[in-house]
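Along the sequence shown, the residues carry numbers beginning at 1.
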Amino acid sequence: MGKRSRNISSVAHFLKAMDPLPSSVEPQKTGHEQEERVSKPPDLCRQAQPTLPTKRRKVGLLGSDWEKYDASGLAARYTSIDEVPEHLQKYFAQRHRYFSLYDDGCLLDEEGWYSVTPEKIADQIAERCRCDTILDAFCGVGGNAIAFAKTCHRVIALDVSPARLALARHNAIVYGVADRIEFILADYLEFARGYALRPLKQRNIDVVFLSPPWGGPSYLTASPQKEKNEAEATLQGDYSLSNILPIPGDELFYLTRRITRNIAYFLPRNVDLFEVSWLLKPGESEGGTAELVTTQRAVEELVEVEEDYMGGKLKAVTCYFGGLVDGQEDIF
């Protein structure tokens, strides 16, 4: 969404009223006449003031065309760090990394401040997930959905929170991509189970993006330490998939594989990659392998792990499955 052009109509009107073109040239005044005119009371020679245009009604952050979707009443709009609660100030300092158009009216609720995917990372994931139809299972305030709208023909964005869904639509309008996103208030677990019952010919979701709640800002220290053997230790990571919400991360993955094999799974930077690798263990899917879509490969399937850096720091990892993996495009 570009910047609005300045309204200069009032300036032009003002100049026209202040400097009218004379209809005829008046004869030069004599010294006596000039002196008499100067001596007249000021109110008799006061120049007429221009009529200024009526001020427009303020219609919020999105303008009159999108006023009904303006969600500015659902979240505080911070413009200065002095306005921000202390526990959110470190996130506010990175606001332009989250949304480069933050100053144009983007909004985040408290959960959104610490859970939204930084824009450059979201754009990278969207490029890897380029397809016809993608499902953002936990859209939050819309960071990833906005990025997907730039690379995919159709985006389905789900969330269980009416407020966050409204904020996501609001932010998509700021970016000018709201017309390419379907915002649906729904529980992903119920949606996925219902969708999996459809005949294959009625399924049109190519990719599912999973960015479930990790457990809040304390996820880095919330995972219990566990003993690892030598093979597990090489993969490091102390965040267990069992901490994923609303259900353990492995169960969430197997449920999603009933929709499509093409999954992008956004996980904490300290996730236990040994657990991630075991997601592809044969026979470990929910309901057995018969429940999976019928594009199952006979050969071993791989998972690709991409580290997501921002400002030189590792922020998260994105695990790609199915046809999203480099070299496995044949099973997309």
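Under the ring-ring contact (aromatic ring centres under 6.0 Å, His included) criterion, Phe209 pairs with Phe148, sequence neighbours left out. For Phe138, the ring-ring contact (aromatic ring centres under 6.0 Å, His included) partners at least two apart in sequence or on another chain are Tyr188. With sequence neighbours excluded, the residues satisfying side-chain hydrogen bond (donor to acceptor under 3.5 Å, both in side chains) with Asn144 are Thr117. Take Tyr91 and apply the ring-ring contact (aromatic ring centres under 6.0 Å, His included) test, not counting sequence neighbours, and it matches no residue. For Arg95, there are no salt bridge (Lys or Arg N to Asp or Glu O under 4.0 Å) partners two or more places apart in sequence or in a different chain.
Looking only at atom types and distance, the side chain of Ser161 has no donor-acceptor partner in the side chain of Asp159 under 3.5 Å away.
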Might you work through the side-chain contact (heavy atoms from CB on, under 4.5 Å) test for Glu110 and His87, ending with a clear yes or no?
CA-CA 10 Å; Glu110 179 155 337; His87 66 287; 3.0 Å; yes
side-chain contact (heavy atoms from CB on, under 4.5 Å) between Leu165 and Leu158, worked out
CA-CA 8 Å; Leu165 205 65; Leu158 302 185; over 6 Å; no
When you look at Thr260 and Val207, which way does the side-chain contact (heavy atoms from CB on, under 4.5 Å) test go after all the steps?
CA-CA 7 Å; Thr260 177; Val207 176; 5.7 Å; no
Decide side-chain contact (heavy atoms from CB on, under 4.5 Å) for Ile331 and Glu301; before the verdict, give the C-alpha distance in whole Å, the side-chain angles of both, and the deciding distance to 0.1 Å.
CA-CA 10 Å; Ile331 61 172; Glu301 186 178 341; 4.2 Å; yes
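Taking every heavy atom of both residues into account, Glu329 and Asp326 meet most closely at OE2-OD1, 3.4 Å. Scanning all heavy atoms of the two residues, the minimum distance from Gly112 to Val141 falls at CA-CG1, 4.1 Å. Closest approach of Ala316 to Trp214, counting heavy atoms only: CB-CH2, 4.0 Å. In plain terms, the two heavy atoms of Pro162 and Val160 that are nearest each other are CD-O, 3.5 Å. The two atoms that bring Leu314 and Arg269 nearest to each other are O-CD, 2.9 Å, heavy atoms only. Among all heavy-atom pairs drawn from Leu302 and Val325, the shortest one is O-CG2, 3.6 Å.
In this structure, Trp278 and Phe274 have tilted ring planes: the angle between them lies in the 30° to 60° band.
Looking only at distances, a side-chain donor or acceptor of Asn262 sits under 3.5 Å from a matching main-chain atom of Gly323. Within the 3.5 Å criterion, the main-chain N or O of Arg198 finds a donor-acceptor partner in the side chain of Arg203. Checking side-chain atoms of Glu190 against main-chain N and O of Ala186 turns up no donor-acceptor pair under 3.5 Å. Checked by atom type and distance alone, the side chain of Gln328 pairs as donor or acceptor with a backbone atom of Gly322 at under 3.5 Å. Arg77 places a side-chain N or O within 3.5 Å of a backbone atom of Cys106 that can act as its donor or acceptor partner.
Using a 4.5 Å heavy-atom threshold, the side chains of Phe321 and Val276 count as touching. Leu241 is not listed as a side-chain neighbour of Asp272, based on a closest heavy-atom distance of 4.5 Å or more. For the pair Tyr69 and Phe183, the minimum side-chain heavy-atom distance is 4.5 Å or more. Inter-residue side-chain proximity for Leu279 and Val303 is flagged as unmet; no heavy-atom pair is nearer than 4.5 Å. Within the 4.5 Å cutoff, the side chain of Arg97 has no heavy atoms near those of the Lys120 side chain. Leu280 is listed as a side-chain neighbour of Arg257, based on a closest heavy-atom distance under 4.5 Å. Between Leu74 and His170 there is no side-chain heavy-atom pair separated by less than 4.5 Å.
Here the CG atom belonging to Leu252 is positioned 5.0 Å from the CG atom belonging to Leu210, to the nearest 0.5 angstrom. Taking CZ of Arg164 as the reference point, atom CZ of Arg169 lies at 16.0 Å (rounded to 0.5 Å). In this structure, OG in Ser242 is found 12.5 Å from CD1 in Ile247, a value given to the nearest 0.5 Å. Rounding to the nearest 0.5 Å gives a distance of 9.0 Å between CG of Leu101 and NE2 of His96. One finds the CG atom of Asp179 at 10.0 Å from the CD1 atom of Ile173 (value rounded to the nearest 0.5 Å). Separating the OG1 atom in Thr318 from the CD1 atom in Ile263 is a distance of 13.5 Å, to the nearest 0.5 Å.
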Acceptor/donor pairs from residues 121-129 side chains to any protein atom, 3.5 angstrom cut, sequence neighbours excluded:
residue : atom : partner : partner atom : Å
Asp123  : OD1  : Lys150  : NZ           : 3.3
Gln124  : NE2  : Glu306  : OE2          : 3.1
Glu127  : OE1  : Arg130  : NH2          : 2.8
Glu127  : OE2  : Arg130  : NE           : 3.2
Glu127  : OE2  : Arg130  : NH2          : 3.2
Arg128  : NH1  : Glu304  : OE2          : 3.4
Arg128  : NH1  : Glu306  : OE2          : 3.2
Arg128  : NH2  : Glu304  : OE1          : 3.0
Arg128  : NH2  : Leu324  : O            : 2.9

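In this structure, Glu86 places its CD atom where only 12 or fewer heavy-atom neighbours from other residues, nucleotides or ligands lie under 6.0 Å away.
A single hydrophobic cluster is not seen to contain both Val116 and Leu245; linkage of ILVMFWY side chains at heavy-atom distances under 4.5 Å, directly or through other members, places them apart. In the hydrophobic clustering of this structure, Leu185 groups with Val155; members are Ile, Leu, Val, Met, Phe, Trp, Tyr whose side-chain heavy atoms approach within less than 4.5 Å, directly or through other members. Hydrophobic cluster membership is shared by Ile184 and Ile146, with clusters built from Ile, Leu, Val, Met, Phe, Trp and Tyr side chains linked at under 4.5 angstrom.
Of the candidates Leu107, Asp104, Leu108, Val174, Phe99 forms a side chain to side chain contact (heavy atoms under 4.5 Å, CB included) with just one, namely Leu108.
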